[in-house]
Asks: 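Starting off with a structure, shown below.
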Amino acid sequence: MYKIAKIFVDNDYVFICSLFFLAPIMIVTFGYGNYSEEYALTFIIIALYLFTKLVYLNIDLSKTKYFLIGCFGALTFFIRPNMVMLWVVYCIALVVINIHLRNFKKLYKQAFYIFWGGAFITLLIFLYGVFTGSLWQMINSSIILNISYAGSSISEKNSNHEIFF
């Protein structure tokens, strides 16, 4: 979080400010239990840093970093499928930005390496599930159960919408 804050505010006091924001998050996240969000948070923060460098600073990342973004997205998906919205939003932003700038070669490079990073992790997890005989249990536990756990009815969505606004 310090590096992300340093991108937006190039000031020596940014470290102190990031500690004030980071400390309560860490206490709540790691102090109250063993939740899957804790494990996904590391991958989300690293990917957020890379995406921020890419979009905000307009720095072209290396192929390895694009590959890592895909890897982190797949790891987050298999830990907690409903936490991959960061990748959805930023990938849509990359498509819109590169189409607007007519930079199709860069868009192809980004999409290619992000996709293969995600495919690499998916292949490793799939092979592990096949060799251990736990593929169906993994799919049921990490995807089907998680989606049903995170799901809600239309009335609950309307109620949350009204409360939000």
Side-chain angles (χ1 to χ4, degrees), residues 1-11 14-15 18 21-22 25-26 29-30 34-152 157:
M1 286 190 60
Y2 168 72
K3 286 191 168 203
I4 295 170
K6 191 77 170 164
I7 288 173
F8 291 110
V9 181
D10 192 18
N11 193 332
V14 78
F15 176 71
S18 67
F21 288 114
L22 185 61
I25 291 171
M26 293 304 220
T29 302
F30 297 114
N34 191 13
Y35 301 117
S36 59
E37 290 86 355
E38 295 173 26
Y39 304 110
L41 189 62
T42 302
F43 304 126
I44 293 169
I45 293 293
I46 295 170
L48 178 63
Y49 171 68
L50 293 173
F51 275 129
T52 304
K53 281 179 66 175
L54 179 64
V55 174
Y56 187 74
L57 294 179
N58 200 17
I59 295 174
D60 193 23
L61 301 177
S62 67
K63 296 173 185 176
T64 306
K65 289 183 180 174
Y66 288 124
F67 189 81
L68 283 174
I69 289 172
C71 290
F72 294 147
L75 287 168
T76 301
F77 176 80
F78 285 109
I79 293 172
R80 190 75 185 207
N82 59 349
M83 296 184 77
V84 295
M85 286 309 293
L86 174 77
W87 285 266
V88 172
V89 169
Y90 270 105
C91 286
I92 290 171
L94 290 177
V95 168
V96 169
I97 290 168
N98 286 316
I99 287 176
H100 177 70
L101 297 175
R102 298 189 185 281
N103 198 347
F104 300 110
K105 187 175 180 181
K106 183 177 178 181
L107 176 61
Y108 174 75
K109 174 185 161 189
Q110 292 169 342
F112 181 81
Y113 287 104
I114 290 172
F115 172 79
W116 284 112
F120 175 71
I121 295 298
T122 302
L123 178 66
L124 288 178
I125 291 173
F126 177 78
L127 289 174
Y128 177 79
V130 168
F131 289 135
T132 60
S134 61
L135 182 63
W136 174 246
Q137 293 170 344
M138 185 272 305
I139 291 170
N140 187 38
S141 296
S142 70
I143 299 173
I144 296 171
L145 183 65
N146 200 354
I147 289 172
S148 65
Y149 173 76
S152 60
K157 289 178 183 177

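The chain is numbered in sequence order, starting from 1.
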Asks: Could you check whether any side-chain N or O of W87 sits under 3.5 Å from a backbone N or O of F77, counting only pairs where one atom can act as donor and the other as acceptor?
Replies: no
Asks: Sequence neighbours excluded, which residues qualify as ring-ring contact (aromatic ring centres under 6.0 Å, His included) partners of F67?
Replies: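 Partners of F67 under the ring-ring contact (aromatic ring centres under 6.0 Å, His included) test: F120.
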Asks: Taking side chain as C-beta onward, heavy atoms only, is I97 less than 4.5 Å from N103?
Replies: no
Asks: Distance from I125 atom CD1 to S134 atom OG, nearest 0.5 Å?
Replies: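 Atom-to-atom, I125:CD1 and S134:OG are 11.0 Å apart.
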Asks: Which heavy atom of L94 sits nearest a heavy atom of L107, and at what distance?
Replies: O-CD1, 4.0 Å
Asks: Would you say N140's side chain and W136's backbone share a donor-acceptor pair under 3.5 angstrom?
Replies: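 Side chain of N140 to backbone of W136: no pair is present.
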Asks: In Å and rounded to the nearest 0.5 Å, what is the CG to CD1 distance from L50 to I45?
Replies: 11.5 Å
Asks: Does the side chain of I69 come within less than 4.5 Å of L61's, by heavy atoms?
Replies: yes
Asks: So, taking the atom named CE in M85 and the one named CD1 in I44, what distance separates them when rounded to the nearest 0.5 Å?
Replies: 12.0 Å
Asks: How close do V84 and G73 get, heavy atom to heavy atom, and via which atoms?
Replies: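 Taking V84 first and G73 second, the nearest heavy atoms are CG1-O, 3.9 Å.
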Asks: Classify the side-chain pair D60/Y66 by whether it contains a donor and acceptor separated by less than 3.5 Å.
Replies: yes
Asks: Hey, is CZ on F104 packed in by over 12 heavy atoms from elsewhere, all under 6.0 Å?
Replies: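 Enclosed: over 12 neighbouring heavy atoms sit under 6.0 Å from CZ of F104.
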Asks: Tell me if the NZ atom of K106 is crowded by more than 12 foreign heavy atoms within 6.0 Å.
Replies: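 Correct, the count exceeds 12.
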Asks: Working note: F78 + M138, criterion side-chain contact (heavy atoms from CB on, under 4.5 Å); need CA distance, chi angles, decisive distance, verdict.
Replies: CA-CA 9 Å; F78 285 109; M138 185 272 305; 4.0 Å; yes
Asks: Any heavy-atom pair between the side chains of F72 and I121 that's under 4.5 Å?
Replies: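 No - every pair of side-chain heavy atoms lies 4.5 Å or more apart.
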Asks: If you measure from OH on Y128 to CG on L123, what distance do you get to the nearest 0.5 Å?
Replies: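 The OH atom of Y128 sits 15.0 Å away from the CG atom of L123.
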Asks: Kindly indicate whether the side chain of K65, heavy atoms from C-beta on, has any atom under 4.5 Å from the side chain of Y113.
Replies: no
Asks: To the nearest 0.5 angstrom, please state how far the CG atom of L68 sits from the OG1 atom of T64.
Replies: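 Reported value, rounded in 0.5 Å steps: 7.0 Å.
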Asks: Looking at I59 and L54, what are the two nearest heavy atoms and their distance?
Replies: O-CD1, 3.3 Å
Asks: The criterion is side-chain hydrogen bond (donor to acceptor under 3.5 Å, both in side chains); which residues satisfy it with T122, sequence neighbours excluded?
Replies: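 With sequence neighbours excluded, T122 shows a side-chain hydrogen bond (donor to acceptor under 3.5 Å, both in side chains) to no residue whatsoever.
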Asks: Going from CZ on F43 to CD1 on I46, what distance comes out if it is rounded to the nearest 0.5 angstrom?
Replies: 7.5 Å
